[in-house]
Amino acid sequence: LADAEADTFWCLSQLLVEAKESLAGDAGLAAQARRLHDLLRTFDPPVAELLAAYGLGALPALRLGAVLLTRSSFSLAQCARLWDTILADPRRFEFADFVVLALLVMSRGELLQ
């Protein structure tokens, strides 16, 4: 059990280093926000325009995703599967943009009301 705990801690440490490198500073967050906004403009222009009108067009995807995930009704199993998919993908932080995009599209009706 001690080995499993050490291995788990090492994996988490490496993931956090990767996240820090990927999103370090304002430039990383701005790039992520632009990617998400570009995706949203491509897949759902009315929602992209709505968010931009309220000054949320450049909201970093992680913060927006966190808000959407807390408002969604995901089971623990669904959350575990989602995180497993994000962490298993070599381009995980770009893939996370697609997760946030999907959450926005799922919430489209509520957003446009």
Side-chain angles (χ1 to χ4, degrees):
L1 185 60
D3 289 339
E5 185 177 345
D7 290 345
T8 303
F9 179 77
W10 182 85
C11 289
L12 178 62
S13 298
Q14 294 305 306
L15 178 65
L16 292 175
V17 166
E18 185 179 335
K20 183 178 178 183
E21 291 171 357
S22 176
L23 302 172
D26 293 337
L29 290 173
Q32 185 183 31
R34 279 191 305 277
R35 281 194 316 265
L36 178 62
H37 190 68
D38 290 344
L39 284 170
L40 193 55
R41 276 194 325 222
T42 300
F43 288 97
D44 199 337
V47 172
E49 290 172 16
L50 175 72
L51 292 178
Y54 283 97
L56 300 175
L59 186 65
L62 287 178
R63 292 182 187 148
L64 184 56
V67 169
L68 290 171
L69 283 172
T70 59
R71 299 200 39 98
S72 298
S73 56
F74 289 116
S75 69
L76 181 57
Q78 290 169 326
C79 284
R81 184 173 181 150
L82 181 61
W83 277 108
D84 185 49
T85 304
I86 290 171
L87 295 175
D89 189 80
R91 295 173 52 178
R92 71 184 108 258
F93 299 107
E94 290 180 31
F95 180 72
D97 295 341
F98 288 95
V99 172
V100 174
L101 174 68
L103 292 169
L104 282 167
V105 171
M106 286 173 36
S107 302
R108 183 180 202 277
E110 293 175 50
L111 291 169
L112 293 176
Q113 286 183 359

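Residue indices begin at 1 and follow the sequence shown. Just so you know, these numbers come straight off a predicted model, no measurement behind them.
- Residues V100 and L36 come closest through the heavy atom pair CG1-CD2, 3.6 Å.
- For the pair L40 and L104, the minimum side-chain heavy-atom distance is below 4.5 Å.
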Test salt bridge (charged side-chain N to carboxylate O under 4.0 Å, His left out) applied to R35 and D38, step by step: CA-CA 5 Å; R35 281 194 316 265; D38 290 344; over 6 Å; no
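- Distance check, rounded to the nearest 0.5 Å: CZ of F98 to OG1 of T85 gives 14.5 Å.
- Note on V17: it does not cluster hydrophobically with W10, by side-chain heavy-atom contacts below 4.5 Å among ILVMFWY residues.
- Taking each heavy atom of A52 and H37 in turn, the nearest pair found is CB-CE1, 4.2 Å.
- The shortest non-hydrogen separation linking L112 to L50 is CD2-CD2, 4.1 Å.
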